[in-house]
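Please read these numbers as outputs of a predicted model, since none were measured by experiment.
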Amino acid sequence: MELFEGTRFAFRTGIRASCRPTVEGLGNFPRSGPVIVAPNHLSFLDSVIVQALMPRKVAFFAKSEYFTARGPKGAVMRWFFNSVGSIPVERGEQAAGVAALQTALEILERGQAFGIYPEGTRSRDGLLYRGRTGVGWLALTTGAPVVPVGLIGTERLQPADRNMIKPQHFTLKVGAPLYFDKTGPDHSLPARRAATDKIMDAIADLTGQQRAGTYNQSRQAG
């Protein structure tokens, strides 16, 4: 916990000093118990931002290459992801896959916070894509509250296919928690779809993004 707090403080301080972000709604984040954190996804740095600025530790899945990248940037990211409890997954493994969701379930059962991008991969055109139902499955299976998070402008920090990070102002909005009945894993696909759509509606209300009626497709660097 000391390592996490020290890491979070360092990154939070750096982000606030260099980007001067607008942060709204932190009081909506539950102080204890399991929480599913559901942000939109515009930038490689979104997980870093959420993990640094949230009031509690939030575990995200992270591509395994983030833990093995070389150079100064690779060393910094590896140190950060390890210290905040990110979970490496192999490239091509879907966050909504059975094995990945089981890991997320274990985190929530320990009363911790878990972050998942309902879109699956980052949006390269700024649209908010249709949510994949893994987040709905987690919400119904565990009964944990879902905290929608809206990120605005983070794509300017590191545009897709660029290696350089350029400090820019961005906005992070934390919405009111959404609560769903705990049904356990035995629930219908329509119920899972409905829960996911409600979560995406809440994210859209925070970001004001134009909606896409399709799923976002990964392009290797998503």
Side-chain angles (χ1 to χ4, degrees), residues 25 28-30 33-43 46-47 50 54 58-63 87 89-109 111-152 154 172-220 222:
N28 287 322
F29 202 101
V35 181
I36 300 167
V37 181
N40 62 319
H41 198 7
L42 297 171
S43 169
D46 289 341
S47 296
V50 172
M54 291 297 104
V58 180
F60 276 92
F61 290 125
K63 294 177 183 177
I87 306 158
V89 292
E90 294 297 327
R91 181 180 288 273
E93 180 176 347
Q94 296 296 318
V98 174
L101 287 177
Q102 182 59 41
T103 299
L105 185 61
E106 293 170 0
I107 292 171
L108 293 168
E109 287 177 342
Q112 299 172 354
F114 176 77
I116 182 171
Y117 296 111
E119 293 172 278
T121 190
R122 58 184 162 169
S123 171
R124 293 171 178 268
D125 55 15
L127 297 177
L128 183 66
Y129 283 84
R130 194 179 192 210
R132 299 180 184 273
T133 58
V135 66
W137 184 89
L138 282 175
L140 294 175
T141 298
T142 65
V146 180
V147 173
V149 174
L151 295 165
I152 302 170
T154 59
L172 180 150
K173 297 181 179 180
V174 181
L178 303 173
Y179 294 89
F180 301 91
D181 292 335
K182 182 178 180 179
T183 64
D186 297 326
H187 53 260
S188 68
L189 181 57
R192 191 185 313 169
R193 177 78 262 164
T196 301
D197 288 346
K198 184 174 181 179
I199 293 165
M200 296 308 298
D201 288 344
I203 294 173
D205 287 343
L206 293 171
T207 67
Q209 288 171 277
Q210 182 178 343
R211 305 287 290 273
T214 60
Y215 294 114
N216 198 2
Q217 300 300 318
S218 176
R219 292 175 47 190
Q220 284 293 99

Chemist: Of all the heavy-atom pairs spanning P148 and A176, show the shortest one and how long it is.
Modeler: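 P148 and A176 have their closest heavy atoms at CD-O, 3.3 Å.
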
Chemist: Can you name the side chain to side chain contact (heavy atoms under 4.5 Å, CB included) partners of N216, sequence neighbours left out?
Modeler: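 Once residues adjacent in sequence are excluded, the partners of N216 under the side chain to side chain contact (heavy atoms under 4.5 Å, CB included) criterion are T121, S123, Y129.
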
Chemist: How about T214 and R130: do any of their side-chain heavy atoms sit closer than 4.5 Å?
Modeler: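 No - every pair of side-chain heavy atoms lies 4.5 Å or more apart.
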
Chemist: Listed by chain and number, what are the side chain to side chain donor-acceptor pair (under 3.5 Å) partners of S43, not counting sequence neighbours?
Modeler: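 Testing S43 for side chain to side chain donor-acceptor pair (under 3.5 Å), a comparison that skips the adjacent residues, returns none.
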
Chemist: Looking only at heavy atoms, which two atoms of I203 and A38 are closest? And how far apart?
Modeler: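 For I203 versus A38, the nearest heavy atoms are CD1-O, 3.3 Å.
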
Chemist: What residues form a side chain to side chain donor-acceptor pair (under 3.5 Å) with Y179, not counting sequence neighbours?
Modeler: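 For Y179 there are no side chain to side chain donor-acceptor pair (under 3.5 Å) partners, ignoring immediate neighbours.
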
Chemist: Working to the nearest 0.5 angstrom, can you tell me the gap between D197 CG and M200 CE?
Modeler: 8.5 Å

Chemist: Please examine the side chains of V37 and V149, heavy atoms only from C-beta on, and report whether any two atoms are closer than 4.5 Å.
Modeler: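 Of all side-chain heavy-atom pairs linking V37 with V149, at least one is under 4.5 Å.
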
Chemist: Would you compute the distance between atom CG of L138 and atom OG1 of T133 and round it to the nearest 0.5 angstrom?
Modeler: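 Nearest 0.5 Å value for the CG-OG1 distance: 10.0 Å.
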
Chemist: Under the side chain to side chain contact (heavy atoms under 4.5 Å, CB included) criterion, do L108 and I36 qualify, and how do the steps go?
Modeler: CA-CA 8 Å; L108 293 168; I36 300 167; 3.7 Å; yes

Chemist: In chain order, what residues pass the side chain to side chain donor-acceptor pair (under 3.5 Å) check against D46, with sequence neighbours excluded?
Modeler: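 With neighbours one apart ignored, the set is H41, T154.
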
Chemist: Which is it for E119 and N40 under the side chain to side chain contact (heavy atoms under 4.5 Å, CB included) test, yes or no, and what are the steps along the way?
Modeler: CA-CA 7 Å; E119 293 172 278; N40 62 319; 3.7 Å; yes

Chemist: Please list all pairs passing the salt bridge (charged side-chain N to carboxylate O under 4.0 Å, His left out) test where one or both residues lie in residues 175-188, with sequence neighbours left out.
Modeler: none

Chemist: Just do the side chain to side chain contact (heavy atoms under 4.5 Å, CB included) check on R192 and H187 with the steps written out, would you?
Modeler: CA-CA 7 Å; R192 191 185 313 169; H187 53 260; 3.2 Å; yes

Chemist: Sequence neighbours left out, what passes side chain to side chain contact (heavy atoms under 4.5 Å, CB included) with L105? Give chain and number order.
Modeler: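 Side chain to side chain contact (heavy atoms under 4.5 Å, CB included) list for L105, sorted by chain: Q102, E109, W137, T141, T142.
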
Chemist: Who passes side chain to side chain contact (heavy atoms under 4.5 Å, CB included) against K198, sequence neighbours left out?
Modeler: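 If we apply the side chain to side chain contact (heavy atoms under 4.5 Å, CB included) test to K198, skipping adjacent residues, the hits are L178, F180.
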
Chemist: Taking side chain to side chain donor-acceptor pair (under 3.5 Å) as the test, write out the residues that go with S47, two or more places apart.
Modeler: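 Listed in chain order: Y117.
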
Chemist: To the closest 0.5 Å, what do you measure between CG (L42) and CD (Q209)?
Modeler: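 Rounded to the nearest 0.5 Å, the CG-CD separation comes out at 5.5 Å.
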
Chemist: Ignoring hydrogens, what is the shortest heavy-atom contact between I116 and G134? Give both atom names and the distance.
Modeler: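 Closest pair (atom of I116, atom of G134, distance): CD1-C, 4.3 Å.
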
Chemist: Let me see the working for M54 and V174 under side chain to side chain contact (heavy atoms under 4.5 Å, CB included), right down to the final yes or no.
Modeler: CA-CA 9 Å; M54 291 297 104; V174 181; 3.6 Å; yes

Chemist: Hey, could you give me each pair passing salt bridge (charged side-chain N to carboxylate O under 4.0 Å, His left out) that has a residue in residues 199-209? Not counting sequence neighbours.
Modeler: D201-R211

Chemist: Sequence neighbours excluded, which residues qualify as side chain to side chain contact (heavy atoms under 4.5 Å, CB included) partners of A191?
Modeler: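 For A191, the residues satisfying side chain to side chain contact (heavy atoms under 4.5 Å, CB included) (neighbours in sequence not counted) are L140, S188.
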
Chemist: Minimum heavy-atom separation for N28 and G175, please, with both atom names.
Modeler: CB-O, 3.2 Å

Chemist: Suppose we screen for ring pair (Phe, Tyr, Trp, His ring centres under 6.0 Å). Which residues come up paired with F114, at least two apart in sequence or across chains?
Modeler: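 Only F61 meet the ring pair (Phe, Tyr, Trp, His ring centres under 6.0 Å) criterion with F114.
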
Chemist: Indicate the atoms forming the closest heavy-atom contact of A113 with F29, along with that distance.
Modeler: CB-CZ, 4.2 Å

Chemist: Identify the two heavy atoms, one from P118 and one from P39, that lie closest to each other, and give their separation to 0.1 Å.
Modeler: CD-O, 3.4 Å

